[in-house]
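Please read all numbers here as calculations on a predicted model, not as lab measurements. Order of listing sets the numbers, starting from 1, for every ligand and every atom in it. Computation of the quantities below employed the complete heavy-atom set of this structure, encompassing side-chain atoms and omitting hydrogens, waters and symmetry-equivalent molecules.
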Amino acid sequence: MALLSVRDVTLRFGGIVALDEVSFTVAAGTITGLIGPNGAGKTTVFNVVTRLYRPDEGDVLFEGESLLRTPAHRIVRRGIARTFQNLNLFRTMSVLENVLVGAHARGRRVGAREALDTLDYVGLADVAARPASALPYGTQKRVEIARALVAKPRLLLLDEPAGGLNHEEVDELGVFVQRLRDELGLTVLLVEHHMGLVMRISEHVNVLSFGRKIADGTPEQVQADDAVIEAYLGADA
Ligand code: ATP
């Protein structure tokens with residue numbers, strides 16, 4: 001069954017059609033990729049699913065129920081958590097404080113024990129007391145994921161988690177995201193420009209270009225799709 005179902009969603013900003021009748025589903029227990037050239041509408045999809053933006057048309061179903069009546073501050077309690085493209089950490093706060101404050105800001109009170117357990121799970125227990133800004137960038141990105149995980153979501157939206165990571169860190173991230181699915185039963189929707197990562201870990205990939213869905217399928221199908229190749233070549237030209 002689809003955990004998340006985006007149905008014919010259209011969203012306009014003035015004259016810009018950021019999403020144009022976009023539909024796709026995310027099956028429970030999968031890692032699903034959402035890719036497309038810059039400005040294709042990927043982050044806007046996250047903002048619609050988390051209720052920061054209201055679509056002009058269409059609907060978003062989570063576990064079969066519309067999210068459009070759920071206010072943004074209740075989205076975490078419905079079981080959806082996200083990370084952000086640019087790190088959103090409080091620089092002077094410790095890693096632990098960041099996880100606690102992050103969880104609170106996302107509408108869920110979390111105790112220090114729970115936060116420490118999450119940090120332990122993601123391999124950050126050793127740095128719990130360190131200021132977030134003192135850590136290498138790759139580690140800070142993991143803190144950002146820990147802040148989402150402490151809310152115990154069923155659906156995790158990851159917005160460019162590989163951005164700024166080196167080759168080895170990207171490999172580790174891929175293994176880590178697969179662990180989240182396999183051990184925690186999490187369903188993951190992954191927005192990412194790092195094609196190697198998306199194609200390696202996603203079961204299914206959706207492709208947006210200029211606000212429209214132009215393809216979806218297995219990584220192999222999408223990579224061989226003419227419309228996808230054209231969208232990326234056009235973007236580079
Ligand atoms: P990138 O890969 O560069 O992050 P993206 O695929 O995530 O791009 P979006 O950020 O979703 O793309 O943007 C889609 C389109 O909607 C762009 O044309 C963008 O300028 C526009 N857009 C997004 N948010 C707003 C907003 N709040 N106001 C006006 N236009 C917006």
Give the atoms of ligand 1, by number and element, whose distance to some non-hydrogen atom of Tyr53 is under 4.0 Å. 24 (N), 27 (N)
Contact atoms of ligand 1, heavy-atom distance to Ala40 under 4.0 Å: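 Checking each atom against Ala40, I get 5 (P), 6 (O), 12 (O).
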With salt bridge (charged side-chain N to carboxylate O under 4.0 Å, His left out) as the test, would you mind laying out the steps for Arg154 and Glu63 before giving the verdict? CA-CA 10 Å; Arg154 287 187 295 288; Glu63 297 176 319; 2.8 Å; yes
Counting only non-hydrogen atoms of the protein, does one fall under 4.0 Å from atom 11 (O) of ligand 1? yes
Please check if any side-chain donor atom of Asp56 sits under 3.5 Å from a side-chain acceptor atom of Thr10, or the reverse. no
Would you say the side-chain atoms of Arg78 and Thr70 include a donor-acceptor pair closer than 3.5 Å? yes
Given Asn38, Ile16, Leu19, which has its nearest heavy atom closest to atom 3 (O) of ligand 1? Asn38
Taking atom 5 (P) of ligand 1 as the point of reference, which of Gln85, Glu192, Lys42 owns the nearest heavy atom? Lys42
Can you find an N/O atom of [X] closer than 3.5 Å to an N/O atom of ligand 1?
X: Gly36; value: no
X: Gly39; value: yes
X: Gly41; value: yes

If you measure from the Lys or Arg side-chain nitrogens to the Asp or Glu carboxylate oxygens, is any gap between Asp171 and Arg200 under 4.0 Å? yes
Answer yes or no: is there an ion pair linking Glu57 with Arg7, defined by an N-O contact shorter than 4.0 Å? no
Within 45° cone of Phe84 ring axis and under 6.0 Å: Arg82 NZ or CZ: yes
